[in-house]
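Notes follow once the structure below has been shown.
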Amino acid sequence: MSKSDSDNRTFFEDDAAIESADEQLDLAADAMNVKKKKRRGFGSFTLKQKLRRLFTVTLILYVLCIGFLFVFIYQNQIVDTERKTVAADLQTIGQTIQTRINNVNEFMLAMTGNDVAKEYFTREDAPSSEDMLNNNAIARMMAPFEEVSSVFLIRFDYLDGTATTEPYSKMSSILRLDRDALREKREILEDKRGGYVVWLNGDGIVKPQRESVMCMLRVFYDAGTQRKVGIICATFELSQLINALDNYKADNREYIFYDHNGDTIYVTGEEETLRKHDSVLSAEQSRITKGLVRRDIYATYEIPKTGIRIACVEHYVLWESLSYKIMVIPLISVALMVLALIMLDMMIRRYITRPILKLSDSMQAVKKGWLRRVSMETNEDEIGMLKESYNEMLVEMNRLIEELLDKEKSVRKTEINILQQQIKPHFLYNTIEMIASLAIDDETPREQVYDALETLGSFYRQFLSKGSNEVPLSTELEIAKKYLKLQKLRYGDIFDDEYEIADDCLERLLPKLTIQPLIENSLYHGIRKKGGHGLIRLRVYKENDLVYVELYDDGVGMSEEKIAQIMEGEEGQHFGLRRTIERFCYFEETNDCYKIESKEGEYTKITLILRYK
């Protein structure tokens, strides 16, 4: 292999390695972007994606709400209607049974007027059972009352044990009486005062050999003496009660009959389930259990004057009662909602999303540093207002940038002017000549000459030093003191300088060369023009979290008109004062950071207000 082939192979291997590294970096960057999007969640999606997700969630919530409201309202309405139906059915069943019991009661009332029955109860000696059986009067009386299956005539002397004649019975071969039980119930029957009771098996009085029967019992009164002479007992089959359910039976319904003691007479379902809710049910009341799809409707009805109570439970299932016509309403509602959302989505995309995307594309040039106005056609709506506001913002930004540049140029120009004033040859030459005259004067101590040279060197070293444009107040005060010291050496005792400096204000920052130009203005335009001895006082203090730098001189002073002319740039001699204050206001970011107080011929006081940091 030649050397050139080897070099080419190495080159291609290096190139492949670089491409592989680039691919890995791209994959890592994509993974990081995915993680960032996951962390940002919904906020990382575009407006179009947000709207689609919002519509999807809205549709789902709407369908759920419609379904819930439909189930809740429809089910409650249907269940309430069904509850009323169950209660009405129970009342009808109870009235049917009441009618049959009334028929039995009519038979018993007829028996009180039957001559055979009267003779049986009122004779001193009760007729024998054979004599009664041979008499068909009672049988003929029973014929029209098909509900009555048998009848018993029981004399009180039989219950008292003074007579041995057995009670008369008709069509009761499978029934027998329990005299002891009847004796126990006698007082209850007598308390009814001609009324009747309806008991299952006579509450133990009748002993059926096969199926249980219902018994109606009442006391028989002697028509002549109104004396209680015995008891009539008429029985009727349970089928008279049960048959009343024939037209009201259903697969989802269960019934139970209770006697006056609360014992079960008849039940079609689970007795335990029916009794479970019986404690909260009373006559003519109903109850509905809670459930989303399945609910149980409980109702009860008590037959008047009998103590017999009927209870019913209906197992109601929502889906079994729904029909196609009923389902059409929510389906149409959902379809209309979907159609409305689709139309809303189209309108939003046409009038909001697309214009915003176009506006965003037009704004991309700003990222490249071009503050150009957006030129695109929009409607006279919020999007159009946004475009106009954005263009106005760009115009204002350009204006502010130009204003900022002008201010920055002004600040730099002021600093250069200050430096030029201090490094002019006449100031330096005059100071050096003054020091030279001190040096050749035999009466001047050498320490004074040295101190003057040290002050001059230190002043220019701090004055011309490079570094930050912001310096502590302590540095500014040192420059001011050295400047006044040099000027006192130069001009002699034409002024005095005083200082009142608060130590807790010295670390406050302010622009470099702020105080010295103001002192120079006081000296040249105040004290010197006065033509006599003057005073320059520099005071620094803190009040209400603000730092005040107060410069006072008792020079010639100024009028209000002249102060206004200086600050408006109409007075050229005080150019340094105006520029210095403008630079300080720019630093403090407010124009409410200084005060100029002066009285012509008396004094001038300039106060700088620094926010304490």
Side-chain angles (χ1 to χ4, degrees), residues 403-424 427 459-460 462-465 467-484 486-487 495 497 499 501 505 508-529 536-540 546-553 555-558 560 562-598 603-611:
E403 183 179 338
L404 183 63
L405 290 174
D406 291 341
K407 286 185 177 181
E408 191 66 26
K409 289 178 182 179
S410 176
V411 169
R412 297 305 177 192
K413 187 175 180 180
T414 301
E415 293 177 351
I416 291 172
N417 288 334
I418 293 172
L419 289 173
Q420 287 177 347
Q421 290 293 330
Q422 301 307 326
I423 62 176
K424 281 181 180 179
F427 173 77
F459 170 75
Y460 274 105
Q462 290 180 325
F463 190 82
L464 301 175
S465 64
S468 174
N469 291 327
E470 300 174 9
V471 296
L473 183 56
S474 59
T475 302
E476 275 294 286
L477 293 175
E478 284 295 323
I479 294 174
K481 290 178 180 179
K482 287 180 172 59
Y483 175 76
L484 285 174
L486 291 173
Q487 293 292 19
F495 69 93
D497 53 335
Y499 303 95
I501 310 299
C505 303
R508 173 66 172 90
L509 297 179
L510 74 166
K512 186 178 180 181
L513 302 179
T514 298
I515 300 177
Q516 187 272 334
L518 300 180
I519 294 176
E520 182 178 353
N521 181 79
S522 296
L523 179 61
Y524 284 99
H525 298 285
I527 301 298
R528 288 185 60 184
K529 288 184 178 182
I536 295 178
R537 181 171 61 240
L538 187 59
R539 183 183 177 210
V540 178
L546 295 175
V547 175
Y548 294 83
V549 178
E550 182 182 287
L551 178 63
Y552 171 88
D553 71 79
V556 295
M558 296 179 289
E560 294 290 336
K562 187 173 183 180
I563 293 174
Q565 291 176 358
I566 292 172
M567 298 311 298
E568 291 174 3
E570 298 177 4
E571 175 63 52
Q573 293 182 352
H574 296 270
F575 174 81
L577 173 63
R578 179 173 63 85
R579 286 297 188 183
T580 300
I581 291 178
E582 286 180 353
R583 188 164 64 98
F584 179 72
C585 292
Y586 176 71
F587 175 78
E588 288 291 329
E589 299 178 353
T590 178
N591 290 326
D592 191 21
C593 61
Y594 73 96
K595 291 189 295 183
I596 299 178
E597 304 172 52
S598 184
Y603 74 94
T604 299
K605 183 169 67 174
I606 300 174
T607 305
L608 302 181
I609 305 172
L610 293 81
R611 290 171 295 178

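The shortest non-hydrogen separation linking Ser522 to Leu551 is OG-CD2, 3.5 Å. In this structure, Leu509 and Pro472 approach most closely via the heavy-atom pair CD2-N, 3.7 Å. Glu597 and Tyr603 make their closest contact through O-CE1, 3.8 Å (heavy atoms, listed as atom of the first residue, atom of the second, distance). Ser598 approaches Glu560 most closely through the heavy-atom pair O-OE2, 4.5 Å. Scanning both residues, Ile581 and Met567, for their nearest heavy atoms gives CG2-CE, 3.8 Å. When all heavy atoms of Ile501 and Leu538 are compared, the pair lying nearest together is CD1-O, 4.1 Å.
A distance of 6.5 Å separates NZ of Lys512 from CD1 of Ile479, quoted to the nearest 0.5 Å. For the atom pair Asp553 CG and Ile527 CD1, the distance stands at 4.5 Å (nearest 0.5 Å). Atoms CG and SG, on Leu608 and Cys593 in that order, are 7.5 Å from each other to the nearest 0.5 Å. With rounding to the nearest 0.5 angstrom, the OG1 atom of Thr604 is 4.5 Å from the CE atom of Met558. Between the CD atom of Glu568 and the CD1 atom of Ile563 there is a distance of 12.0 Å, given to the nearest 0.5 Å. Taken from OH in Tyr552 to CD1 in Ile606, the straight-line distance is 13.0 Å, to the nearest 0.5 Å.
Here the side chains of Ile519 and Gln516 are not in contact, with every heavy-atom distance at 4.5 Å or above. Counting heavy atoms from C-beta outward, Thr590 and Cys585 have side chains that stay 4.5 Å or more apart. In this structure, Leu518 and Leu577 have side chains that are in contact, with non-hydrogen atoms separated by less than 4.5 Å. Side-chain contact check for Glu520 versus His525: every heavy-atom pair is 4.5 Å or farther apart. Side-chain contact between Thr514 and Val549 is absent, with no heavy-atom pair separated by less than 4.5 Å.
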Evaluate the criterion side chain to side chain contact (heavy atoms under 4.5 Å, CB included) for residue pair Leu513 and Arg583; output intermediate values, then yes/no. CA-CA 10 Å; Leu513 302 179; Arg583 188 164 64 98; 4.0 Å; yes
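For Glu476 (side chain) and Ile515 (main-chain N/O), a donor-acceptor pair under 3.5 Å exists by modelled atom type. Panel note: side chain Arg508, backbone Arg611; a donor-acceptor pair is recorded below 3.5 Å. With Thr607 contributing its side chain and Tyr594 its backbone, the two residues share no donor-acceptor pair below 3.5 Å.
If you check the side chains of Gln487 and Tyr483, you find a donor sitting under 3.5 Å from an acceptor.
Take Phe584 and apply the ring pair (Phe, Tyr, Trp, His ring centres under 6.0 Å) test, not counting sequence neighbours, and it matches no residue.
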